[in-house]
Amino acid sequence: MANYFEKILIGDEDWNFIPEIMLRTLLMYLVVLIGLRILGKRGIKQLSIFELVVIISLGSAAGDPMFYREVGIVSAIAVFSVVILAYKITSYFVSKSKKVETLLEGSCTCVIENGRFAIENFKKEGLAQDEFFAELRLKSISHLGQVKLAILETSGSISLFFYPDAHVKNGLPILPALFADQKQEIKYKDYYSCAFCGITELLEPTVKAICKCCKKDKWVKSINTVRIS
């Protein structure tokens with residue numbers, strides 16, 4: 001039984017390998033630190049697709065020598081050197097060619113324009129509505145009528161441009177309780193926003209209102225409160 005638990009704790013190695021693991025880990029930590037320093041600040045803060053590949057490659061190369069006795073640290077350093085060199089070469093071509101940059105990093109996409117969704121762009125990006133709304137709420141946005149333009153950057157961040165308070169218009173609420181109150185039947189004349197595309201219209205009472213833009217029939221009573229920052 002004792003041998004069974006010992007195998008669970010340290011596997012096929014013996015206890016004498018533990019100090020070596022600690023030394024290997026320390027050395028690989030320093031190698032990763034130096035590698036990321038060589039990559040530069042952009043490699044750390046803004047992960048494009050090919051930069052993410054670099055980070056995953058470095059992580060894989062760093063992990064194995066830490067606890068596999070048969071994997072030498074020199075081998076890992078060789079892998080690091082090739083990956084970093086490939087990154088530098090790729091970065092060079094990206095800086096010299098817009099086509100290469102677009103191919104590897106993609107391009108920014110407008111997802112909100114004039115207080116409503118740019119539906120085709122929004123669908124192409126495969127954005128989850130709940131997650132997107134959460135990002136907007138973190139910017140103190142309560143409805144789309146406050147937003148003149150929202151751009152999804154290649155890094156995955158969202159750049160926002162707001163209407164001045166005097167020009168805020170009725171828009172689709174993104175606060176959970178308000179957005180959840182969707183209806184097909186319009187009982188009172190008022191401004192309502194399509195729950196799908198965000199277009200806002202002054203609707204007359206009707207049993208079932210159809211959006212002229214996306215042909216959907218779910219509506220949310222719009223609001224026009226100004227943004228509190």
Side-chain angles (χ1 to χ4, degrees), residues 46-50 52 94 97-229:
Q46 299 175 342
L47 294 182
S48 63
I49 293 176
F50 85 96
L52 184 60
V94 166
S97 171
K98 187 65 178 177
K99 289 184 178 179
V100 174
E101 180 183 4
T102 302
L103 177 65
L104 292 178
E105 297 189 348
S107 57
C108 57
T109 305
C110 176
V111 288
I112 296 178
E113 190 172 12
N114 297 323
R116 52 170 292 194
F117 292 120
I119 289 297
E120 292 304 316
N121 293 341
F122 197 89
K123 289 192 294 187
K124 278 194 304 184
E125 294 298 329
L127 291 173
Q129 191 180 65
D130 288 346
E131 183 178 353
F132 182 65
F133 282 178
E135 288 286 335
L136 296 183
R137 289 193 292 268
L138 288 173
K139 305 289 186 179
S140 301
I141 296 169
S142 58
H143 65 92
L144 299 190
Q146 298 168 338
V147 183
K148 184 175 184 179
L149 197 65
I151 298 173
L152 181 64
E153 305 291 355
T154 56
S155 63
S157 61
I158 300 172
S159 298
L160 295 165
F161 300 87
F162 304 105
Y163 283 111
D165 289 351
H167 294 89
V168 168
K169 53 187 181 180
N170 288 75
L172 175 68
I174 61 172
L175 302 178
L178 297 180
F179 184 76
D181 186 21
Q182 300 180 15
K183 57 198 73 181
Q184 290 179 309
E185 182 181 1
I186 305 301
K187 294 183 178 181
Y188 309 101
K189 181 179 179 179
D190 208 335
Y191 285 96
Y192 295 85
S193 299
C194 174
F196 183 75
C197 71
I199 191 172
T200 299
E201 299 182 46
L202 179 61
L203 298 180
E204 300 284 347
T206 180
V207 175
K208 186 176 183 180
I210 303 297
C211 176
K212 63 183 181 183
C213 176
C214 64
K215 309 306 178 186
K216 303 292 184 181
D217 59 3
K218 299 289 187 181
W219 298 88
V220 181
K221 190 177 183 305
S222 66
I223 58 177
N224 62 354
T225 53
V226 298
R227 178 171 166 267
I228 301 176
S229 56

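No experiment lies behind these values; they were computed from the predicted model shown.
In this structure, the separation between NZ on Lys148 and CD1 on Ile112 is 14.0 Å, given to the nearest 0.5 Å. Here Lys216 contributes atom NZ and Cys197 contributes atom SG; the two are 10.0 Å apart, rounded to the nearest 0.5 Å. In this structure, CZ on Phe117 lies 11.5 Å from SG on Cys213, to the nearest 0.5 angstrom. Atom CD in Glu120 sits 12.5 Å away from atom OG1 in Thr109 (nearest 0.5 Å). Taking CG from Leu144 and CG from Leu172, the interatomic distance works out to 5.0 Å, rounded to the nearest 0.5 Å.
In this structure Lys189 satisfies the salt bridge (Lys or Arg N to Asp or Glu O under 4.0 Å) test together with Glu204, sequence neighbours excluded. Scored by the side-chain hydrogen bond (donor to acceptor under 3.5 Å, both in side chains) test, Gln184 finds Asp217 as partners (sequence neighbours excluded). Shown here are the ring-ring contact (aromatic ring centres under 6.0 Å, His included) partners of Phe132, two or more places apart in sequence or in another chain: Phe122. Every residue meeting the side-chain contact (heavy atoms from CB on, under 4.5 Å) condition with Asp181, not counting sequence neighbours, appears here in chain and number order: Lys183. For Ser140, the side-chain contact (heavy atoms from CB on, under 4.5 Å) partners at least two apart in sequence or on another chain are Arg227. Looking at residues two or more places apart in sequence or on another chain, you find a side-chain contact (heavy atoms from CB on, under 4.5 Å) between Leu160 and Leu136, Lys139, Ile141, Val147, Ala150, Ile158, Phe162. Residues forming a side-chain contact (heavy atoms from CB on, under 4.5 Å) with Glu153 (at least two apart in sequence, or on another chain): Cys108, Ile151, Ser155, Ser157, Ser159. Listed by chain and number, the residues in a ring-ring contact (aromatic ring centres under 6.0 Å, His included) with Phe196 amount to none (sequence neighbours excluded).
Note on residues 170-189: pairs passing ring pair (Phe, Tyr, Trp, His ring centres under 6.0 Å), not counting sequence neighbours, are Phe133-Phe179. Within the structure, every pair that satisfies the side-chain hydrogen bond (donor to acceptor under 3.5 Å, both in side chains) test and touches residues 190-203, not counting sequence neighbours, is listed here: Asp190-Lys221, Ser193-Thr200. Listed by first and then second residue, the salt bridge (charged side-chain N to carboxylate O under 4.0 Å, His left out) pairs that reach into residues 166-178 come to none, sequence neighbours excluded.
Side-chain atoms of Trp219 do not come within 3.5 Å of backbone N or O of Ile186 as any donor-acceptor pair.
Considering every non-hydrogen atom in both Leu149 and Glu113, the closest pair reads CD1-CG, 4.1 Å. When all heavy atoms of Gln129 and Ala195 are compared, the pair lying nearest together is NE2-O, 3.7 Å. Of all the heavy atoms in Lys212 and Ile199, the pair that sits closest is CE-CD1, 3.9 Å.
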Test log, rule side-chain contact (heavy atoms from CB on, under 4.5 Å), inputs His143 and Leu178: CA-CA 10 Å; His143 65 92; Leu178 297 180; over 6 Å; no
Test side-chain contact (heavy atoms from CB on, under 4.5 Å) applied to Gln146 and Ser142, step by step: CA-CA 8 Å; Gln146 298 168 338; Ser142 58; 3.1 Å; yes
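Dense packing is recorded around CG of Leu138, with more than 12 heavy atoms of other residues, nucleotides or ligands lying under 6.0 Å away.
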